[in-house]
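Read through the structure below, which is laid out as structure tokens, and then see the notes.
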Amino acid sequence: MSHAVLSNEQSSQLQALYDEMRPASLTPLWEVLASLVTPEPASAVVAHKWRFDDARDYLMRAGDLISAAQAERRVLILENPGLPGASRITNSLYAGLQLILPGEVAPCHRHTQCALRFVMEGDGAFTAVDGEKAVMRPFDLVLTPGGQWHDHGNPTDKPMIWLDGLDIPTVSHFDASFSEKLGADAHPETVPAGDTSSRYGQNLRPMRGSVADRRPAHQPLFHYPYAEWRAALDRLATSAEPDPHLGHALEFLNPADGGSIMPTISAHVRLLPKGFATKGRRSTDASIYVVVEGLGQAWLNDAPMTLAPRDVLVVPSWTTLRFEAKDTLVLFGYSDRACQEKLNLFKEENA
Ligand code: GTQ
């Protein structure tokens, strides 16, 4: 309580009143107003970095003890150290590392929550969305939008690990979670792999209502291959100056509306040329980054953090962030920006 003006007697009478009203489920705003309506974001989320190899060791040990089918999803949650027990990496988003060993499947289910997968290790496992496989290659982005059936399988002879990014805390916040299991390992194959990309991923779409128009209108695409986004970044880097605060940055789009990949999650990639240092920038969307390639340094409110391939870092809301590339530095990032923009909450500021 910040009211230095209260007398001792006033304080003790107020405390007695609070004690009396508590059973009536009433509490005084003036005791908490300053922490509820803050002059700027005041987050319990803390900056943190996970080295992939450290997390991988624990994940492989889990792999010795429980199968993917037993676990339904064999995932280690990247839990923000400032939010212990909350199963989240930021207040609105979840991140985890999922392991599928050779020959394993993660059985088919669907849920309200939207998910992205960003491939960290292995080549050739698949995510099937509504019965269509996306073959997962290193640093591919694969979506399993809310409500769409999905199962995973690894027919290769090597472990496959990807980062799961979901809006679980956002859906929990709204108490709007529904989920169901298909009751089979895999959804029956509906179309061959690549069908959606060829129908919906070429700046074209089947005429609405035609027999070829099979995907949900608001969320057709679900595979953004590394080979395509990396080449696009390279082309941008040869034709444009890097933005002083972002470097070369491309956002993944939903072709249905030109907006974010999913209603609650935005994702983008960045390339910082060797030697390039960004100026500071802060934004209200706490963000998760994966280092795809290169070595570098980040400063989070001037605290340094070294960056190496496959590091995962979380940057809290309204933290001034700078990057320096020691080598060509390529980053993947996701956040709740899409959601904040819909709520008119998103704010960013360049230093
Ligand atoms: O693959 O559907 O990391 O439902 C957490 C919840 C993955 C999944 C997670 C999930 C999934």
Side-chain angles (χ1 to χ4, degrees), residues 50 52 55-56 58-60 62-63 65-80 83 85-101 104-122 124-136 140-155 159-187 216 219 222-224 261-265 267 288 290 310 312 314 332 334-336:
W50 289 263
F52 179 74
R56 185 189 189 281
Y58 291 111
L59 192 52
M60 295 307 290
L65 296 172
I66 186 168
S67 73
Q70 279 176 318
E72 186 162 347
R73 296 295 186 265
R74 190 203 288 112
V75 180
L76 295 186
I77 300 170
L78 303 180
E79 190 172 77
N80 192 281
L83 307 170
S87 303
R88 58 187 65 174
I89 190 162
T90 70
N91 271 311
S92 59
L93 294 172
Y94 160 105
L97 289 169
Q98 179 159 180
L99 167 67
I100 305 222
L101 289 167
E104 285 192 320
V105 294
C108 192
H109 70 190
R110 66 176 172 181
H111 39 66
T112 319
Q113 290 81 0
C114 292
L116 64 80
R117 329 286 173 173
F118 191 72
V119 178
M120 304 289 283
E121 177 183 329
F126 64 85
T127 292
V129 177
D130 287 339
E132 177 186 351
K133 284 178 182 164
V135 178
M136 300 167 87
D140 278 8
L141 174 65
V142 176
L143 312 182
T144 60
Q148 301 187 13
W149 292 108
H150 53 285
D151 53 88
H152 313 287
N154 183 359
M160 189 93 192
I161 299 175
W162 59 79
L163 181 84
D164 283 330
L166 287 90
D167 58 3
I168 292 172
T170 301
V171 176
S172 300
H173 176 72
F174 291 110
D175 283 335
S177 175
F178 293 90
S179 69
E180 64 186 306
K181 297 179 188 187
L182 183 65
D185 282 347
H187 192 287
Q219 194 79 72
F222 58 86
H223 193 185
Y224 299 77
I261 45 166
M262 293 183 288
T264 47
I265 305 180
I288 299 94
V290 177
R310 297 195 291 187
V312 180
V314 56
F332 165 79
Y334 74 99
S335 78
D336 64 10

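Numbering of ligands and ligand atoms starts at 1, following listing order. These numbers were taken from a predicted model, which means no experiment stands behind them.
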Practice problem: Let me see the working for I288 and T90 under side-chain contact (heavy atoms from CB on, under 4.5 Å), right down to the final yes or no. | Solution: CA-CA 9 Å; I288 299 94; T90 70; 4.0 Å; yes
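- A donor atom on one side chain and an acceptor atom on the other are not found under 3.5 Å apart for W149 and D151.
- No side-chain donor from either of D130 and H187 sits under 3.5 Å from a side-chain acceptor of the other.
- Side-chain contact annotation: R117 with T127, donor-acceptor N/O pair under 3.5 Å absent.
- The contact shell of ligand 1, taken as protein residues with any non-hydrogen atom closer than 4.0 angstrom, comprises R73, V75, Y94, Q98, H109, H111, R117, H150, H152, D164, L166.
- Residues that satisfy the salt bridge (charged side-chain N to carboxylate O under 4.0 Å, His left out) test with E104, not counting sequence neighbours, are R74.
- Between the R73 side chain and the P107 main chain, a donor and an acceptor come within less than 3.5 Å of each other.
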